[in-house]
Protein chains: 2
Amino acid sequence: MVRNARGQVSEARSRLLTTATRLFYAEGLHAVGIDRIVAEAKVTRATLYRHFPSKDELVVAYLQAVAQADREGVDTALAAGLPAADTLRAIASSIAEGIRSARFRGCAFLNAVAEYPDAAHPVHQAVLAHRAWFLRTVTDLLADVGDAPPELAGRHFVLLRDGAMSSGCLADPAEVCDTFLQGVEGILRFRLDSVSA
Amino acid sequence: MVRNARGQVSEARSRLLTTATRLFYAEGLHAVGIDRIVAEAKVTRATLYRHFPSKDELVVAYLQAVAQADREGVDTALAAGLPAADTLRAIASSIAEGIRSARFRGCAFLNAVAEYPDAAHPVHQAVLAHRAWFLRTVTDLLADVGDAPPELAGRHFVLLRDGAMSSGCLADPAEVCDTFLQGVEGILRFRLDSVSA
DNA sequence: GAAATGAGGTAGAACGTTCTGTCTTGACAG
DNA sequence: CTGTCAAGACAGAACGTTCTACCTCATTTC
């Protein structure tokens, strides 16, 4: 959270980012223009450009805000100190909950990449960074589930996650979640059943 | 393939659609403007609007062209007359091949939905139609693999497909393909191993 | 065979709107 | 005084769509 010289969070900036986050996620990055964000956040263009030098940087800030929320969610699950398998179940459950929520519109990161396919673009880079964190986190947890190497399982988990996130608003969310959670359970069971006693 | 009154394929229209397909897929729907398509297809705007009444319709035509290619690929696999499990493996293999190809840029349909999230929009509708076909096709094949009901397996297959297609250019394609194909193999094996002898 | 017709295309301009980013002036709070 | 914000205008570019005048070619009609 950016603070000004006096340690306060700028109210206007906060409102801008919240509004942009909502609109970008609901309607798309290119589909929402600066005018719209400014009007709905009730700030001026000067204020917007004071805080975000360009639209691209606002988009990156949006993705970083979503990433931060994701990381906090996972940190909460980790802090519960459950066994790794249960932590993974909690993470998966949280993903499923998001899919079933009323405002679900897919994965902000996958959606962003669809609109910014150039790998060198800062938006695309922000997505890659967040995904690297997620894969690593999941893989580390899976290392504590069974004793096989965790890399394939980690990728498998992420594959299921990506599939569920990308299709959750293109099919019945309940079915997508069910399929996803069963897939995760299959991964966990497979690893636990393969444990060398 | 649209033909004119004399049964000939309009060269300009064909060039337009091919160019639009390439650009839209590589760079995004909103990111590529009419000017760009016209310039690269070497036709005029009047020609473009003669054949496609609006940009939206050009986008829909692009998606339908991709859908047609997908369907032909699956029809080819079906026509080989292999057992259902092998047909599914062939379909999965073909998907993996696409992911590993140089021009891979994700799933045209998932990408399109990211840019057109309004479910009532014709673009979004074209995506839903194609996906319904794919789910049905895969589910029908899975009905011939083992004797359990095929719906969950069908959704699982599609989930893996979606995950692989959406992440294939965000990670190492070879690893994504490997994970995907192993996931598919897991589905098939699970169904065959569950067969009541 | 010549003329007419229809389909499809070109060149290029114009239209109205929207886009992103910049700037000036003034007000307010601490 | 400093920092932040508002109001509003501006610039220039880009966007998607429409239009005019003319051309070529193949087919049809007389």
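The model shown is predicted, which means the values in this text are computed figures rather than measured ones. So you know, we letter chains A, B, ... as the sequences are listed, proteins then strands, and number each from 1. Heavy atoms only: backbone and side chains are in, while hydrogens, waters and symmetry mates are out.
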Problem set entry | Distance below 4.0 Å between B:S10 side-chain N/O and C:dG9 OP1 or OP2 | yes

Exercise. OP1 or OP2 of D:dC5 sitting under 4.0 Å from any side-chain N/O of A:T47?
Worked result: no

Problem set entry | Which atom of B:A126 lies closest to which atom of B:L63, heavy atoms considered | CB-CD1, 4.3 Å

For this session: Using the six-membered ring wherever Trp is involved, compare the ring planes of B:H30 and A:H30 and label them parallel, tilted or perpendicular (cut-offs 30° and 60°).
Result: parallel

Rounded to the Å, how far apart are [X] [atom1] and [N] [atom2]?
X: A:R36; N: C:dT20; atom1: CZ; atom2: P; value: 12 Å
X: A:L16; N: D:dT4; atom1: CG; atom2: P; value: 14 Å
X: B:E11; N: C:dG9; atom1: CD; atom2: P; value: 9 Å
X: B:F52; N: C:dG8; atom1: CZ; atom2: P; value: 13 Å

Problem set entry | Distance-only side-chain donor-acceptor flag, A:E72 / A:Q68, under 3.5 Å | yes

For this session: Return each pair, listed once, that meets ring pair (Phe, Tyr, Trp, His ring centres under 6.0 Å) where at least one residue sits in residues 79-110 of chain A; pairs must be two or more places apart or across chains.
Result: A:F109-A:H130

Problem set entry | Carboxylate-amine/guanidinium proximity below 4.0 Å for B:E27 and B:R105 | no

Seminar exercise, completed: side chain to side chain contact (heavy atoms under 4.5 Å, CB included) filter on B:E175, not counting sequence neighbours, yields A:R155, B:D172

Provide a list of protein-nucleic acid N or O atom pairs under 3.5 angstrom, restricted to nucleotides 15-19 of chain D.
from   : atom 1 : to    : atom 2 : distance (Å)
D:dG16 : OP1    : B:K55 : NZ     : 2.6
D:dG16 : OP2    : B:I34 : N      : 2.7
D:dG16 : N7     : B:R45 : NH2    : 3.3
D:dT17 : OP2    : B:Y49 : OH     : 2.9
D:dT17 : OP2    : B:K55 : N      : 2.8
D:dT17 : O4     : B:R45 : NE     : 2.4
D:dT17 : O4     : B:R45 : NH2    : 2.8

